[in-house]
Amino acid sequence: MKVSLFVSCLTDTFYPRMAIAAVKVLDRLGCSVHFPQKQTCCGQPMYKNGFHREAAVLAKRMIDALDGGEQVVSLSGSCGAMIRAYGDELLADDARLRDAARELAGRTHEFSQFLVDVLHVDLRELGVKWPGVVTYHYSCHLRQLGVTDQTDRLLKQIEGLEYRRLANREQCCGFGGTFATKFAELSGAIVAEKVAAIGKTGAGTVISNEAGCGMNIAGACRRAGCDVRFKSVAEVIAEGLGLLERK
Amino acid sequence: MSGEAEVGRSGGGTSGGGRILFPPLPYRMKARITQALGNEQLQQFVGQATDRKTRESDAVLTETFGDRLGPLRELAGRIKQHTLDHLDVYLERFVDAATAAGSHVHFASDAEQANAICVQIARREGCRLCVKSKSMLTEEIRLNGALAQAGVEVVETDLGEFIIQLDGDAPSHIVTPMIHKDRRSVGRVFERKLGAAYSEDPVELCQVARQALRQRFRAADLGVTGGNFLVAQTGSVVVCTNEGNGRMCSSVPRVHVAMVGMEKLVPTYRDLTVLLKLLARSSTAQAMTVYTQVLTGPRRDGERDGPQQMHIVLVDNGRSAILRSEHREVLRCIRCGACLNRCPVYRKLGGHPYGAVYSGPIGAVLTPMLRGLVNYRDLPQASSLCGACYEGCPVRIDLPGHLIWLRKQSVSQGVTGLRERIVFRVWAWSVRWVSTYRLSSWLCRRMLRAMAAVGGNLAKGDRCSARGWIGWRVWPLSRWTAARDLPTPPADSFRKWYAKYRKGSGDE
């Protein structure tokens, strides 16, 4: 299957290893992975802050960059969900662009969603081994994509991995893009609860598939002296298949 | 008791803590956020209560409806939407049916008019003591103050509201108004204001309140209620309560006045049942509220109970402006409080930092629409847009969508500050072309890594994962680092890695 990778700005810049892992895992699963270089930012920060004209310009670029009818795999749930806003909001007035945006949204999946719902992967068959104790942070914007427990299911298929569920798993980590900087104090109080919940699990590794949540929670853990590592599910699978050196 | 109650008392507290819910405008949230975050007790009470309500509510909804929950919410939303889309028709039908049942129906275009109507009824009928059941609308229009000014004593009879009124505090939740208080503060206020012996026992405290309230119910000559729904078919006002106080207010005094927002209409009884199925379950995890009254007209000939007069005041107060806008959907709200209970921001702050009668996600949407975006510019911004509210809403109001729309209005109306406008325009420009995107990504990497290096917090190693950390709390970094450390990017971006990885494979 041909796959176009959609790598968010934060992933590209701050968490390249998440995307590297995704490329290697998808390659191994027999997909023909392609990274369209014309992509830049999906416009989410501008859209969510009310700068819709600016966001629409970026939306057009993304539609153009991801044109071609291939399955699109996004390494960010919120940026993946952003594609939906293209057709529903930003470009709704232009019939041609709106249709193109809706067509694109229809073939865009978040990474874990793609593995579970499209490829129907069973990691047990692939012999993924990754000894260690992990917990998983569910990122809010997965809701908009209808992603629920895909990552949990994948983690549970990994040999040697002990999965401990986070208390109040669905509660937001307090990132919310620019919310984290506009209301730093409030955002900090919200993420403090997440840090406490992580500490209680006793897990050494936190799985977070969203770069933004990762930056926020990892930064708060470091400030609080909570010593845990952060990885995406793609990285764990890549390490468990020997495609990436375990860190 | 929260520190905010002090503010409430000094503000005169006409309808309870005036300045808390009606601060000087334009209102900014910052000071109250800091205050709320410094109040550990508040966060503990609100956090625990909202967490418990959400879990219980989810459990009862899933248990009762299973897979039908989604479709049921869609149906409930469509019923409300349909009614709003044809509000003129249903209002007319309601007025005809209510009048035929013997009620007097009044229209009020704003708060002032609504209060004037109620005051006029009280004056004409010579009412001196008003018992009142819980109503958000009367908080919104500040009816208590207006009645007090006209010489009518007002007693809140919902237990939570009663305590808040005694304490000069203000409600902080649509459904559970004293979510921010505990039994000790109740014991203290009963001791101080009612002369009761101090107690922390809920049963004893309830007895104290019950006795105080019984006397008032017997003596009252005016009963004011809100209304959860209005049924157009029959001209009925539906009032949902849990303590029976609503029933006392609507049946014991001679005169009953129901003050209701005009968006509360549903077409028929059948429609009502759909909404009733969802209201209490979404709100308090009950299958139904303990008392669900359907009030259709005053006491009829030959009946022994009920008021001699029933008045229904239909209040607009900014609603028709929302109705005319493309965001009519917000008026679907049935005030269940599910969005408050699920909101990470509300859970941390409680209701008072919203500076208005309606708090939480629905408040953040409704308040700027009712009272001006310029007056409440922070409200739509103080959200991570996590979507938990939308997920829990029984009538499917896209609350995050409306928050984004208000942010868009902020930009287009010039409410957004110059600095922010510059930041976002520069940001949009910096990622507009691949070349500028690469340059800004490179600059971001270099600058942040250089700062981490100066602080001695830059790890060496793998070019795509070894990163550094920044903890400096200097502006503008402090916007992030005030709350947590900032990770730096690793040396190389994914793009760079990918170009090398695919070299020679014929790919881009």
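Below, chains carry the letters A, B, ... as their sequence lines are ordered, and counting in each starts from 1.
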At a heavy-atom distance under 4.5 Å, which candidate from B/D378, B/V411, B/L403, B/T488 has the highest pair count against chain A? B/V411
Of A/Y15, A/F6, A/F14, A/F35, which meets ring pair (Phe, Tyr, Trp, His ring centres under 6.0 Å) against B/F494? A/F35
Counting heavy-atom pairs under 4.5 Å with chain A, which one of B/I470, B/V345, B/L448 comes out on top? B/V345
Under 4.5 Å, counting heavy-atom pairs only, tell me which of B/P476, B/A382, B/A428 racks up the most with chain A. B/A382
Side chain, backbone, both or neither of B/L349 within contact of chain A (heavy atoms, under 4.5 Å): side chain
Kindly write out the residues that satisfy side-chain hydrogen bond (donor to acceptor under 3.5 Å, both in side chains) with B/S412, not counting sequence neighbours, or none if the list is empty. none
Chain A contact via B/E391 - which portion, at a heavy-atom distance below 4.5 Å: side chain
What part of B/R432 gets within 4.5 angstrom of chain A, counting heavy atoms only: side chain, backbone, both, or neither? both
Side chain from CB out, backbone as N, CA, C, O: work out which of these in B/T54 comes under 4.5 Å of a heavy atom of chain A, or both, or neither. neither
Does B/R484 make a cation-pi contact with B/W480 (under 6.0 Å, within 45 degrees of the axis)? yes
Measuring heavy-atom distances to chain A, does B/R438 have an atom under 4.5 Å in its side chain, in its backbone, in both, or in neither? side chain
Most contacts with chain A, counted as non-hydrogen pairs under 4.5 angstrom, among B/P489, B/A483, B/G387: B/P489
Would you kindly say whether A/D27 and B/Y501 are connected by a side-chain donor-acceptor distance under 3.5 Å? yes
Can you see whether A/T13 engages B/S441 through a side-chain donor-acceptor pair at a distance of less than 3.5 angstrom? yes
What I want to find out is whether A/R17 reaches A/E239 closely enough, with some N-O distance under 4.0 Å, to be called a salt bridge. yes
State whether a side-chain donor-acceptor pair under 3.5 Å links B/T481 with B/S478. no
Between A/S4 and A/Q71: side-chain donor-acceptor atoms closer than 3.5 Å: no
Given a strict heavy-atom distance threshold of 4.5 Å, which part of B/C444 is in contact with chain A: side chain, backbone, both, or neither? side chain
Any carboxylate oxygen within less than 4.0 angstrom of a Lys/Arg side-chain nitrogen, looking at A/D93 and A/R98? no
Please check if the side chain of A/R61 supplies one atom and the backbone of A/K38 the other of a donor-acceptor pair under 3.5 Å. yes
What part of A/T178 lies closer than 4.5 angstrom to a heavy atom of chain B: side chain, backbone, both or neither? side chain
Kindly state each residue pair satisfying ring-ring contact (aromatic ring centres under 6.0 Å, His included) with at least one member in residues 221-247 of chain A, sequence neighbours excluded. none
Counting heavy-atom pairs under 4.5 Å with chain B, the top scorer among A/T40, A/L10, A/I20, A/N168 is A/I20
With a 4.5 angstrom heavy-atom cut-off, is it the side chain or the backbone of B/E420 that approaches chain A, or both, or neither? both
Side chain / backbone / both / neither for A/C9 at chain B, heavy atoms under 4.5 Å: both
Any side-chain donor near an acceptor of the partner, A/E110 and A/S74, under 3.5 Å: no
Atom group of B/W429 that falls short of 4.5 Å from chain A, counting heavy atoms: neither
Under 4.5 Å from any heavy atom of chain A, what part of B/L37 do you find: side chain, backbone, both or neither? side chain
Pairs of heavy atoms under 4.5 Å with chain A: top-ranked of B/R473, B/K30, B/R342: B/R473
Work out which heavy atom in B/Y376 is nearest to a heavy atom in B/Y354; give both atom names and the distance. CE2-O, 3.7 Å
Let me know if B/S440 has heavy atoms under 4.5 Å from chain A in its side chain, its backbone, both or neither. neither
Scored by heavy-atom pairs under 4.5 Å with chain A, the best of B/D462, B/D51, B/T34 is B/T34
Between B/W427 and chain A, with a heavy-atom cut-off of 4.5 Å, which part of the residue counts as in contact: side chain, backbone, both or neither? both
What part of B/D492 gets closer than 4.5 Å to chain A, counting heavy atoms only: side chain, backbone, both or neither? backbone
For B/R347, is it the side chain, the backbone, both or neither that has a heavy atom under 4.5 Å from a heavy atom of chain A? side chain
Side chain, backbone, both or neither: which part of B/L406 has an atom under 4.5 Å from a heavy atom of chain A? neither
